[in-house]
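Worksheet: the structure to be examined is printed underneath.
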Amino acid sequence: MDTNKNTQSVGAAWGMLLLASVFEVGYALSVGGSQAFTVLSWSVSAVVFFLLTLYFLSAALRTIDVGIGYAVWAGIGSVGAAGFGSALLDQPLTLIQTFWLAVIIVGVVWLKLADSVKLQGEAA
């Protein structure tokens with residue numbers, strides 16, 4: 001029964017980490033739009049996203065190892081900012097940049113899978 005509770009709390013932590021990553025993308029895009037914090041609406045948006053990403057990241061890191069959690073958060077934030085920056089802000093994204101962003105995605109997935117294997121080993 002304790003294992004089920006641990007699995008649920010780990011699942012919730014990964015959900016919070018995913019939310020933190022989404023807010024990180026919003027933060028990065030808002031900082032870019034703020035033009036060095038000279039545009040008020042984008043600046044306010046950046047501050048709100050910054051506070052949200054810090055809160056959810058810190059909550060997730062109560063359960064997830066900091067090295068794994070931070071790497072996943074930064075990876076998703078980087079890929080999301082590059083992808084949405086290209087799609088929404090007309091920022092260039094070359095084929096080689098896309099390749100390396102794909103490598104980051106594979107690394108993030110691999111880290112999540114490795115964490116799942118670690119949890120299965122602890123449950124046994």
Side-chain angles (χ1 to χ4, degrees):
M1 184 171 246
D2 187 52
T3 303
N4 187 29
K5 181 180 176 187
N6 185 31
T7 302
Q8 288 175 352
S9 65
V10 169
W14 279 98
M16 286 186 281
L17 186 61
L18 183 59
L19 270 175
S21 300
V22 169
F23 292 136
E24 173 65 10
V25 172
Y27 169 69
L29 295 175
S30 296
V31 167
S34 76
Q35 300 177 16
F37 291 93
T38 60
V39 178
L40 182 61
S41 60
W42 282 104
S43 300
V44 170
S45 175
V47 170
V48 169
F49 278 123
F50 177 72
L51 293 173
L52 288 169
T53 193
L54 283 183
Y55 172 77
F56 282 97
L57 177 62
S58 65
L61 294 182
R62 292 176 63 195
T63 303
I64 300 169
D65 292 340
V66 69
I68 300 300
Y70 185 79
V72 170
W73 173 78
I76 292 172
S78 299
V79 171
F84 283 108
S86 177
L88 301 175
L89 304 176
D90 295 323
Q91 297 173 345
L93 192 59
T94 66
L95 186 59
I96 194 71
Q97 290 170 330
T98 303
F99 169 77
W100 287 113
L101 290 170
V103 169
I104 292 172
I105 293 169
V106 169
V108 166
V109 170
W110 204 334
L111 283 171
K112 171 61 176 116
L113 293 175
D115 192 58
S116 296
V117 169
K118 175 185 162 193
L119 288 174
Q120 289 174 358
E122 290 175 359

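Sequential numbering from 1 along the given sequence is applied to the chain's residues.
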ring-ring contact (aromatic ring centres under 6.0 Å, His included): pairs with one or both residues in residues 82-104, sequence neighbours excluded: none
Check [X] against [Y] and note the closest heavy-atom contact, atom names and distance.
X	Y	value
F37	S43	CA-OG, 3.2 Å
P92	Q97	O-OE1, 3.8 Å
A82	L101	CB-CD1, 3.5 Å
I76	V25	O-CG2, 3.9 Å
A71	L111	CB-CD1, 3.7 Å
T38	Q35	OG1-O, 2.6 Å

Treating Ile, Leu, Val, Met, Phe, Trp and Tyr as nodes and any side-chain heavy-atom pair under 4.5 angstrom as an edge, say whether [X] and [Y] lie in one connected cluster.
X	Y	value
V108	F23	no
V31	W42	no
L19	V72	no
L52	Y55	yes
V66	W73	yes

Is the shortest side-chain heavy-atom distance between L17 and W14 below 4.5 Å? yes
Tell me, please, which residues at least two apart from F49 pass ring-ring contact (aromatic ring centres under 6.0 Å, His included). none
For the [atom1] atom of [X] and the [atom2] atom of [Y], what is their distance to the nearest 0.5 Å?
X	Y	atom1	atom2	value
L18	F56	CG	CZ	11.0 Å
L57	E24	CG	CD	8.5 Å
L29	S34	CG	OG	11.0 Å

Any donor-acceptor N/O pair, S45 side chain to S41 backbone, under 3.5 Å: no
